[in-house]
Amino acid sequence: MIDIHSHIISGIDDGARSFEESIALLEKMQKMGIKAVIATPHYITCSKYMENNEEKLQKLQNIKKVAMDQNISISLFLGNEVFIDGDILLLIEEGKVATLNGSRYILIELPVDQLTSDLYNILFLLRSKGFVPIIAHPERYRYLQSEPEKIEKFLEMGCLFQGNVENVVAKYGKSAKKLFFYLLKNNKYHFLATDVHHQDDIMFTNFKKVKKKLIKTISLAKYEELTHYNPLKVLKNEDILGENIK
């Protein structure tokens, strides 16, 4: 598995609470079979989640060094989970937010309760400049839970979807779990990821059950596509949907 959504860097957001927890997370993720992780700390304009990427990168390098000393062989890369923002292109240009491993792919978080009026315009601008928005955990957004037909608009625009595996055990509630399996069974996801924050996350005690359920639902080949082959294409900045993604 290559995890494209995680909060393993401590002291940045609501993820790892200490450097020691960062290392503990990687130890547990390695036992799960995860081979590579993109650290995606939150970036939300006008909030406390605005630490500059140079500092994030330095913290990630420090984690890498200690992890190697402790025989943790997971490869680490940098990105951001960017809360949708009208200035997102400028933020990318100025280096204030990071795409996933410097690729054309950028992880986007949307509001939970309602769509913003300029959302589609922002996504259109990203696409027109060659970026590919990956919508983080769409199953958690209430307007998609109540009106799943809105999902098609995002897909038609060339956005990709990343689901959180913990929905298998209903971490985010029944409505999120229901939409998660709807998207999964209808081939709407392009990635599955952990969105891991803490070493006591439910995923770590339930991952065998989670993986077994996912494979039973979509097949081993599809599971590997969503957890390895598509994420690998992100790391390499390669096309995922052929001619549909420029």
Side-chain angles (χ1 to χ4, degrees), residues 1-9 25-26 29-30 32-43 53-54 56-61 63-65 67-68 72-82 88-89 91-109 123 125-138 154-155 157-165 183-184 187-196 211 214-215 218-246:
M1 183 177 186
I2 296 172
D3 192 3
I4 70 164
H5 185 174
S6 71
H7 298 271
I8 62 167
I9 305 177
L25 281 169
L26 291 177
M29 293 170 89
Q30 181 163 274
M32 288 169 54
I34 293 176
K35 305 297 184 184
V37 172
I38 304 179
T40 53
H42 288 286
Y43 186 96
N53 274 333
E54 283 188 14
K56 292 172 189 172
L57 187 59
Q58 184 58 56
K59 288 187 175 184
L60 193 61
Q61 295 297 340
I63 292 171
K64 281 184 181 182
K65 184 178 184 303
M68 288 178 64
I72 299 171
S73 58
I74 291 176
S75 299
L76 299 177
F77 306 91
L78 185 64
N80 276 126
E81 180 183 8
V82 187
I88 194 166
L89 285 172
L91 293 172
I92 295 171
E93 182 181 325
E94 293 180 345
K96 292 181 178 178
V97 301
T99 60
L100 299 180
N101 192 35
S103 70
R104 78 195 81 172
Y105 298 96
I106 182 164
L107 188 65
I108 300 291
E109 184 177 26
L123 295 174
L125 285 173
L126 280 170
R127 293 293 291 116
S128 69
K129 296 297 183 181
F131 294 103
V132 182
I134 298 175
I135 307 300
H137 43 62
F154 293 98
L155 298 175
M157 295 183 71
C159 297
L160 306 181
F161 281 168
Q162 171 262 307
N164 283 4
V165 296
L183 294 171
L184 198 64
N187 201 31
K188 304 297 184 183
Y189 282 125
H190 306 88
F191 311 93
L192 293 175
T194 69
D195 191 11
V196 68
K211 183 177 178 179
L214 289 169
I215 291 172
I218 57 175
S219 81
L220 176 59
K222 188 65 178 180
Y223 173 81
E224 290 179 342
E225 177 187 324
L226 301 184
T227 62
H228 179 78
Y229 293 109
N230 281 352
L232 183 60
K233 289 178 180 178
V234 168
L235 288 179
K236 293 182 175 182
N237 198 26
E238 295 176 350
D239 289 347
I240 288 174
L241 295 182
E243 296 304 314
N244 293 324
I245 299 296
K246 303 294 185 182

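Values reported hereafter were calculated over all heavy atoms of this structure, with side chains retained and with hydrogens, waters and symmetry mates removed. Residues take their numbers from the sequence shown, with the count starting at 1.
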Gap separating the CD1 atom of Ile106 from the OG1 atom of Thr40, nearest 0.5 angstrom: 11.5 Å
Quick one: salt bridge (Lys or Arg N to Asp or Glu O under 4.0 Å) partners of Lys211, sequence neighbours excluded? none
So do His7 and Leu25 actually touch side chain to side chain, heavy atoms under 4.5 Å? no
Can you list everything that forms a salt bridge (Lys or Arg N to Asp or Glu O under 4.0 Å) with Asp195? Sequence neighbours excluded, please. Arg140
Minimum-distance pair of heavy atoms, taken over all atoms of Ile4 and Phe191: CD1-CG, 3.6 Å
Just checking Met68: does its CE atom have more than 12 heavy atoms from other residues, nucleotides or ligands closer to it than 6.0 angstrom? no
Value for CD1 (Ile108) from CD1 (Ile134), rounded to nearest 0.5 Å, stands at 9.5 Å
Spacing of Met157 atom CE and Leu123 atom CG [to the nearest 0.5 Å]: 5.0 Å
Who passes side-chain contact (heavy atoms from CB on, under 4.5 Å) against Leu89, sequence neighbours left out? Leu125, Leu126, Lys129, Phe131
Let me confirm one number: the CD1-CG distance from Ile218 to Leu192, rounded to the nearest 0.5 Å. 5.5 Å
So, for Ile38 and Gly79, which heavy atoms are closest and what is the spacing to 0.1 Å? CG2-N, 3.8 Å
Distance col, row Asn237:CG vs Thr99:OG1, nearest 0.5 angstrom, shows 8.0 Å
Quick one, Asn80 and Pro41 - any side-chain contact, counting heavy atoms below 4.5 Å? yes
side-chain hydrogen bond (donor to acceptor under 3.5 Å, both in side chains) with Thr194: which residues, sequence neighbours excluded? Asp3
Smallest separation among heavy atoms of Ile8 and Ala39, with atom names: CG1-CB, 3.9 Å
Indicate yes or no: at least one non-hydrogen side-chain atom of Leu184 is less than 4.5 angstrom from one of Leu214. yes
For Ser73, check side-chain hydrogen bond (donor to acceptor under 3.5 Å, both in side chains) against everything at least two apart and list the hits. Gln30
Taking only residues two or more places apart in sequence or in another chain, which ones pass salt bridge (Lys or Arg N to Asp or Glu O under 4.0 Å) with Glu109? none
For Lys236, check salt bridge (Lys or Arg N to Asp or Glu O under 4.0 Å) against everything at least two apart and list the hits. none
Listed pairs under 3.5 Å, donor-acceptor, residues 224-232 side chains, sequence neighbours left out:
unit_1	atom_1	unit_2	atom_2	d
Glu225	OE2	Lys222	NZ	3.1
Thr227	OG1	Tyr223	O	2.7
Asn230	ND2	His190	O	2.9

List for me each residue that meets ring-ring contact (aromatic ring centres under 6.0 Å, His included) alongside Phe154, sequence neighbours excluded, and say none if there are none. Tyr120
So which heavy atom on Arg104 is nearest to which on Gly130, and how close? CB-O, 3.5 Å
Let's go through Leu26 and Ile34 carefully: what are the C-alpha distance in whole Å and the side-chain angles of both, what is the deciding distance for side-chain contact (heavy atoms from CB on, under 4.5 Å) to 0.1 Å, and is it a yes or a no? CA-CA 9 Å; Leu26 291 177; Ile34 293 176; over 6 Å; no
If you round to the nearest 0.5 Å, how far is NZ of Lys65 from CG of Leu76? 14.5 Å
Shortest non-hydrogen pair, Pro138 vs Tyr189, comes out as CG-CE2, 3.9 Å
